[in-house]
Amino acid sequence: MNDILNKDIEAVKILVKEIASLIKSHEHKYDKTFPSAVKDINRDNTYTIVDDGGVKRKVKCSIPNATLKVGQYVWVKVPCGRLEDMHICGVK
């Protein structure tokens, strides 16, 4: 009985190592949405927000006909992990 249990434990350890290896090598390309607030309205039709890492970013707004105000809470999306395509996608 102990022999079977030990083989199962070893099999699980091998599986865990394989999964951990795949996770480390996988590029995480998925949409991420987070809350923020409009900090400034820029002359080039962009808005300054603070991302979830505390960095100020100039982003566009993808909400049709939206008129956002400084201090307004918004949802910001990073599509497929591309920071250059970060945009405001909703009002919170």
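Note that the structure is a prediction, hence the values are computed from the model and not measured. Values below: all heavy atoms of this structure, side chains included; hydrogens, waters and symmetry mates excluded.
- By the side-chain contact (heavy atoms from CB on, under 4.5 Å) test, Val55 is found to be paired with Asp51, Arg57, residues two or more places apart in sequence or in another chain being considered.
- Here salt bridge (charged side-chain N to carboxylate O under 4.0 Å, His left out) pairs that include residues 32-43, with residues two or more places apart or in two chains, are Lys32-Asp52.
- Evaluation of the salt bridge (charged side-chain N to carboxylate O under 4.0 Å, His left out) rule for Glu18 yields no partner, not counting sequence neighbours.
- The two atoms that bring Ala66 and Cys61 nearest to each other are CB-SG, 4.0 Å, heavy atoms only.
- Partners of Ile19 by side-chain contact (heavy atoms from CB on, under 4.5 Å), not counting sequence neighbours, listed by chain and number: Leu15, Ile23.
- Screening residues 76-91 for salt bridge (charged side-chain N to carboxylate O under 4.0 Å, His left out), with sequence neighbours left out, gives Arg82-Asp85.
- Put simply, the side chain of Ser36 does not reach to within 4.5 Å of the side chain of Tyr73, judged on heavy atoms.
- Lys92 meets the salt bridge (charged side-chain N to carboxylate O under 4.0 Å, His left out) test with no other residue; sequence neighbours excluded.
- Other cluster members for Ile14: none, since no ILVMFWY side-chain heavy atom sits under 4.5 Å from it.
- Residue Asn45 qualifies as open at atom CG: its count of foreign heavy atoms under 6.0 Å is 12 or below.
- Residues satisfying the side-chain hydrogen bond (donor to acceptor under 3.5 Å, both in side chains) criterion with Asn42, sequence neighbours excluded, are Thr46, Thr48.
- Between Glu10 and Lys7 there is no salt bridge, since no side-chain nitrogen of the basic residue lies less than 4.0 Å from a carboxylate oxygen of the acidic one.
- For Lys56, the salt bridge (charged side-chain N to carboxylate O under 4.0 Å, His left out) criterion is met by no residue, not counting sequence neighbours.
- Considering only residues two or more places apart in sequence or on other chains, Lys58 meets the salt bridge (charged side-chain N to carboxylate O under 4.0 Å, His left out) condition with Asp44.
- Side-chain heavy-atom separations under 4.5 angstrom define the hydrophobic clusters, and the remaining members of the one that includes Val78 are Phe34, Val38, Ile41, Tyr47, Ile49, Val59, Ile63, Leu68, Val70, Val74, Val76, Leu83, Met86, Ile88, Val91.
- A search for side-chain hydrogen bond (donor to acceptor under 3.5 Å, both in side chains) contacts involving Asp31 returns nothing, not counting sequence neighbours.
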